[in-house]
Amino acid sequence: MIFAANFKTNHTRASTEKYIEVLNEKLLAKKPEDQVYIFPPATALGKYEGDFTIGAQNAYPTQNGAYTGEIGTEQLEEFGIKTILIGHSERREHLGESQDKVAQKFTFFKEQGYEILYCIGEPLEIREKGDEAVMEYLLAQFDGIDISYKDLIVAYEPIWAIGTGRSATVEEIASTHQALKQTVQKPLLYGGSVKPANIQEITAIRGVDGVLVGSASLDVESFATMIGEK
């Protein structure tokens, strides 16, 4: 199983260091085959030791340059970071990243040999139209994306379930993941109000290879519990 923690705009460098210190103690009991990823805010990126991978939530598709407020590969590689989150719905919705922009970013980081955790998801109005509409919407988010890329992990996050406390039903997750697996033969994570109370149920679903956790990952005890109880 893959367990990925997306801190979003939460935690500081100091609290991230403390989080990782505690997490390292907890990870001693995890299964060897489980993979753990942590995506802290840019100000907390660093060289951390432990049985996990640190990734960037975002970066500009450049080594360096005149891109005020952005970071490029020069900044990431200072810390040995070669993993990045691309396509998250919050960047698509709130920051206006079009599919063309997302695909451009994907291609750049693929060419740099980065491991990419690529996010897709649908809004509630699409979900309410039924499975066919959902799959059409989701597959369009692979336009310009090399789904055969060797270092690709896909995360399905229904937008209506992110941070709302409402997770998709087992049936919704199962049917969507199984349909996606027919097109994308890559590790497929589920995200959207994943928490200790539902982790066992979600990870038991056929076609779910792990989880991308937002708010419930901010507390290290909560995240460690999910890794231990799946």
Side-chain angles (χ1 to χ4, degrees), residues 1-11 13 16 20 23 33-92 94-121 138-157 180 183-191 209-214 217:
M1 278 287 159
I2 296 171
F3 297 86
N6 180 14
F7 288 179
K8 305 185 181 184
T9 312
N10 297 284
H11 278 301
R13 175 169 293 277
T16 298
I20 288 173
L23 184 64
E33 63 270 24
D34 288 340
Q35 296 174 263
V36 177
Y37 292 80
I38 302 172
F39 294 88
T43 56
L45 294 175
K47 291 182 178 179
Y48 300 104
E49 299 296 326
D51 191 13
F52 52 80
T53 298
I54 294 288
Q57 294 178 23
N58 177 59
Y60 199 80
T62 187
Q63 179 182 9
N64 52 39
Y67 304 100
T68 300
E70 295 284 351
I71 58 174
T73 57
E74 183 175 80
Q75 289 76 43
L76 297 179
E77 289 171 6
E78 179 179 16
F79 302 115
I81 292 171
K82 294 285 287 186
T83 299
I84 188 168
L85 198 67
I86 292 178
H88 196 282
S89 63
E90 289 165 356
R91 294 202 61 85
R92 295 179 190 263
H94 304 323
L95 298 166
E97 288 195 359
S98 65
Q99 184 59 31
D100 285 346
K101 188 69 175 178
V102 169
Q104 176 191 0
K105 188 180 292 186
F106 183 98
T107 299
F108 175 84
F109 285 98
K110 180 192 79 168
E111 291 172 349
Q112 305 306 309
Y114 275 63
E115 183 177 31
I116 298 173
L117 204 160
Y118 184 70
C119 301
I120 59 171
L138 295 179
L139 292 178
Q141 292 178 332
F142 289 110
D143 288 350
I145 304 300
D146 179 7
I147 60 174
S148 67
Y149 179 50
K150 63 182 178 64
D151 290 319
L152 169 64
I153 298 171
V154 177
Y156 165 60
E157 290 192 299
L180 285 169
T183 299
V184 186
Q185 286 79 46
K186 294 293 179 181
L188 181 57
L189 314 185
Y190 172 74
D209 301 309
V211 289
L212 177 58
V213 188
S217 74

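Count residues from 1 along the sequence.
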Distance check, rounded to the nearest 0.5 Å: [X] atom [atom1] versus [Y] atom [atom2]?
X	Y	atom1	atom2	value
Lys186	Lys150	NZ	NZ	9.0 Å
Gln185	Ser148	CD	OG	10.5 Å
Leu152	Leu117	CG	CG	8.5 Å
Asp151	Ile84	CG	CD1	13.5 Å
Gln63	Thr73	CD	OG1	5.0 Å
Phe52	Ile38	CZ	CD1	5.0 Å

Please determine whether side chain to side chain contact (heavy atoms under 4.5 Å, CB included) holds for the pair Tyr118 and Ile147, giving the CA-CA distance in whole Å, both sets of side-chain angles, and the decisive distance to 0.1 Å. CA-CA 10 Å; Tyr118 184 70; Ile147 60 174; over 6 Å; no

Taking [X] for its side chain and [Y] for its backbone only, find out whether a donor-acceptor pair lies under 3.5 Å.
X	Y	result
Gln99	Asp143	yes
Arg91	Ile86	no
Asn6	Gly214	no
Gln35	Ile2	no

Provide the closest heavy-atom pair for [X] versus [Y] in the form atom of the first, atom of the second, distance.
X	Y	value
Ile81	Ala56	CG2-N, 4.1 Å
Phe108	Pro61	CD2-CA, 3.4 Å
Ala42	Ile71	CB-CD1, 4.2 Å
Thr83	Tyr114	N-CD2, 3.7 Å
Ala44	Thr16	CB-OG1, 3.5 Å
Phe79	Lys47	O-CG, 3.4 Å

If the test is side-chain contact (heavy atoms from CB on, under 4.5 Å), which one of Val211, Ile153, Val154 qualifies with Leu189?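 It is Ile153, the one option of Val211, Ile153, Val154 that forms the side-chain contact (heavy atoms from CB on, under 4.5 Å) with Leu189.
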
Among Lys105, His88, Arg92, find the one that has a side chain to side chain donor-acceptor pair (under 3.5 Å) with Glu97.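 Passing option: Lys105.
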
Is Pro40 close to His11 at the side-chain level, that is, under 4.5 Å between some pair of heavy atoms?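 No - every pair of side-chain heavy atoms lies 4.5 Å or more apart.
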
Report the C-alpha distance between Lys82 and Glu77 in whole Å, list the side-chain angles of each, state the deciding distance to 0.1 Å, and finish with yes or no for side chain to side chain contact (heavy atoms under 4.5 Å, CB included). CA-CA 7 Å; Lys82 294 285 287 186; Glu77 289 171 6; 3.8 Å; yes

According to the interplanar angle, ranging from 0 to 90°, do the rings of Tyr149 and Phe106 count as parallel (below 30°), tilted (30 to 60°) or perpendicular (above 60°)?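 It falls in the perpendicular class, over 60°.
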
Tell me whether the rings of Phe39 and Tyr37 are parallel (<30°), tilted (30 to 60°) or perpendicular (>60°).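 Geometry flag for Tyr37 against Phe39: parallel rings.
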
Are Ile54 and Leu45 close enough, and set up right, to give a side chain to side chain contact (heavy atoms under 4.5 Å, CB included), and what steps lead you there? CA-CA 8 Å; Ile54 294 288; Leu45 294 175; 4.1 Å; yes

Dump the intermediate steps for side chain to side chain contact (heavy atoms under 4.5 Å, CB included) on Asp51 and Val36, then the final yes or no. CA-CA 7 Å; Asp51 191 13; Val36 177; over 6 Å; no

